[in-house]
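Report on the structure given below.
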Amino acid sequence: MTAVTAGDHLARAHELLADHPVVDGHNDLPWALREQVRYDLDRRDIATDQSADLHTDLPRLRAGGVGAQFWSVYVRTDMAGDEAVSATLEQIDVVRQLVARHPADLRLAFTADDMEAARAEGRIASLMGAEGGHSINNSLATLRALHRLGVRYMTLTHNDNIAWADSATDEPRAGGLTRFGEEVVREMNRTGVLVDLSHVSADTMRDALRVTEAPVIFSHSSARAVCDHPRNIPDDVLAALPANGGVAMATFVPKFILPAAIEWTLAADENMRANGLHHLDTTAAGMAVQRAFEAVRPRPLATAATVADHLDHMREVAGVDHIGIGGDYDGTAFTPADLADVAGYPNLIAELLRRGWSDADLAKLTWKNAVRVLRDAEDVARGLQGRRGPSIATIGQLDG
């Protein structure tokens with residue numbers, strides 16, 4: 001009997017991805033384009049190799065077997081009020097510009113049917129997700145406007161609490177969701193915006209699961225039992241996903257998946273702030289500071305096997321119908337050694353093949369689960385729209 005080699009697994013991974021490409025839950029290319037070149041797309045032409053500055057370009061998306069991408073229309077939490085809303089609109093605009101510039105490769109997608117049509121055409125379905133409830137400035141009408149512009153998920157918080165929801169990486173204030181936060185979830189369900197529970201506190205996760213009438217997602221979070229970081233998902237929440245119908249999309253960010261990387265990253269973040277930079281700065285200046293720090297204090301390296309450990313655990317607890325992939329490329333300074341950029345997904349699939357994952361399981365992981373969850377959310381929204389109109393509640397009315 002001939003032994004199966006690593007090369008065999010990789011070749012098979014490419015074959016599988018040709019049939020069932022990756023739906024990636026979270027990529028921060030729009031923010032990188034804002035920070036690096038202020039949306040000058042001639043200076044970062046993603047039709048050509050941009051590996052010197054970005055994790056993402058079209059050749060590498062093709063090499064990685066990506067069939068659909070949720071582009072994050074994230075804005076930082078130090079933007080607030082109308083400034084945050086305007087910046088979110090600018091992020092949406094650049095996604096639309098990218099699709100318009102590259103029609104042979106990208107197709108704007110709003111529905112599960114759009115995703116399937118893009119795959120049939122050989123194009124990459126381009127969806128959008130807002131990252132942080134500060135993007136709606138406590139306004140349900142703004143939420144509805146973002147949906148009309150194409151936003152199909154909203155992460156309830158980013159790294160800081162907002163007035164109506166607690167973040168995973170801030171001191172608890174609301175104890176989860178406030179009454180207005182619950183109303184936001186209900187209106188997201190009615191509108192057809194997926195509730196994204198990455199970045200939120202465990203209590204916010206539990207409150208959202210209690211209130212939601214539609215499946216939720218975690219666009220880029222891994223298993224807390226494997227790496228004890230508050231950005232990850234506790235087992236009781238993973239275990240609740242089958243009843244909800246949602247999907248948890250494992251992230252590749254080393255500090256969220258490799259315990260040894262947590263302390264190292266905290267020190268690197270402090271070094272960035274000591275140099276007058278935001279700890280999430282991935283511009284050339286920011287990366288120069290990070291590389292200098294890494295040269296003095298070598299970084300613990302995650303690999304595709306590290307991510308696979310999380311996926312193994314998430315499959316065991318939540319089931320294979322409730323897991324996916326959300327790399328967080330161009331939103332992190334560091335990536336696993338063999339998942340350096342968006343061309344790396346075949347290495348992860350090859351690792352899972354080595355561990356005995358079936359073709360059917362891998363098809364669910366890469367494509368089918370994410371498409372199903374969006375389709376299910378669309379079905380819920382149609383039903384709710386037949387029963388109730390848009391909410392006009394305000395945070396003042398509900399939270400005082």
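Just so it is clear, the values below take in all heavy atoms, side chains as well, and ignore hydrogens, waters and symmetry mates. For this chain, numbers begin at 1 and follow the sequence in order.
Applying the salt bridge (Lys or Arg N to Asp or Glu O under 4.0 Å) definition to pairs two or more places apart or across chains, those involving residues 84-109 are R34-E90, R38-E90, D42-R101, R62-D105, R107-D114, R107-E121. Sorted by first and then second residue, the salt bridge (Lys or Arg N to Asp or Glu O under 4.0 Å) pairs involving residues 159-182 (not counting sequence neighbours) are E182-R210. Within the structure, salt bridge (Lys or Arg N to Asp or Glu O under 4.0 Å) pairs that include any residue of residues 313-337 comprise R315-D361, D321-K364 (at least two apart or interchain). Applying the ring pair (Phe, Tyr, Trp, His ring centres under 6.0 Å) test to every pair with at least one member in residues 48-69, sequence neighbours left out, gives these pairs: H55-Y329. Each salt bridge (Lys or Arg N to Asp or Glu O under 4.0 Å) pair with one or both residues in residues 238-250, not counting sequence neighbours, would appear here, but there are none.
Residues passing the side-chain contact (heavy atoms from CB on, under 4.5 Å) test with A288: none are found, sequence neighbours excluded. For R206, the side-chain hydrogen bond (donor to acceptor under 3.5 Å, both in side chains) partners two or more places apart in sequence, or in a different chain, are D203, D236. The ring pair (Phe, Tyr, Trp, His ring centres under 6.0 Å) check on H220 picks up H26, H199, with sequence neighbours excluded. In this structure, the salt bridge (Lys or Arg N to Asp or Glu O under 4.0 Å) partners of E116, at least two apart in sequence or on a different chain, are R119. Partners of N244 under the side-chain contact (heavy atoms from CB on, under 4.5 Å) rule, at least two apart in sequence or in another chain, are L209, T212, P215, V216, L241. Taking the side-chain contact (heavy atoms from CB on, under 4.5 Å) definition, one finds that R148 meets it with R144, A145, sequence neighbours left out.
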I'd like to know whether T48 forms a side-chain contact (heavy atoms from CB on, under 4.5 Å) with D57, so could you lay out the CA-CA distance, the side-chain angles of the two residues, the decisive distance to 0.1 Å, and finally the verdict. CA-CA 7 Å; T48 62; D57 53 49; over 6 Å; no

**OP:** Starting from the C-alpha separation in whole Å, work towards a yes-or-no answer on side-chain contact (heavy atoms from CB on, under 4.5 Å) for V151 and I92.
**Re:** CA-CA 8 Å; V151 170; I92 292 169; 3.8 Å; yes

Acceptor/donor pairs from residues 336-343 side chains to any protein atom, 3.5 angstrom cut, sequence neighbours excluded:
{"from": "D338", "atom 1": "OD1", "to": "A304", "atom 2": "N", "distance (Å)": "2.7"}
{"from": "D341", "atom 1": "OD1", "to": "A343", "atom 2": "N", "distance (Å)": "2.9"}
{"from": "D341", "atom 1": "OD2", "to": "R60", "atom 2": "NH1", "distance (Å)": "3.1"}

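Residue D82 qualifies as open at atom CG: its count of foreign heavy atoms under 6.0 Å is 12 or below. Around CD of Q385, the count of heavy atoms belonging to other residues, nucleotides or ligands within 6.0 Å exceeds 12.
Judged by distance alone, the side chains of N138 and W164 do bring a donor and an acceptor atom under 3.5 Å apart. Under the 3.5 Å distance criterion, with hydrogens and angles disregarded, a donor-acceptor pair is assigned to the side chains of E183 and S391. S126 and W71 are linked by a side-chain donor-acceptor pair at a separation below 3.5 angstrom, with hydrogens and angles left out of the test.
Between H229 and F256, the ring planes lie perpendicular to each other; the angle is over 60°, past the 30° to 60° tilted range.
A salt bridge does not link R375 with E378: every distance from a Lys NZ or Arg NE/NH1/NH2 to an Asp or Glu carboxylate oxygen is 4.0 Å or more. Between R297 and E270, no side-chain nitrogen of the basic residue sits less than 4.0 Å from a carboxylate oxygen of the acidic one, so the salt-bridge criterion is not met.
For the pair H20 (side chain) and D359 (backbone), a donor-acceptor distance under 3.5 Å is absent.
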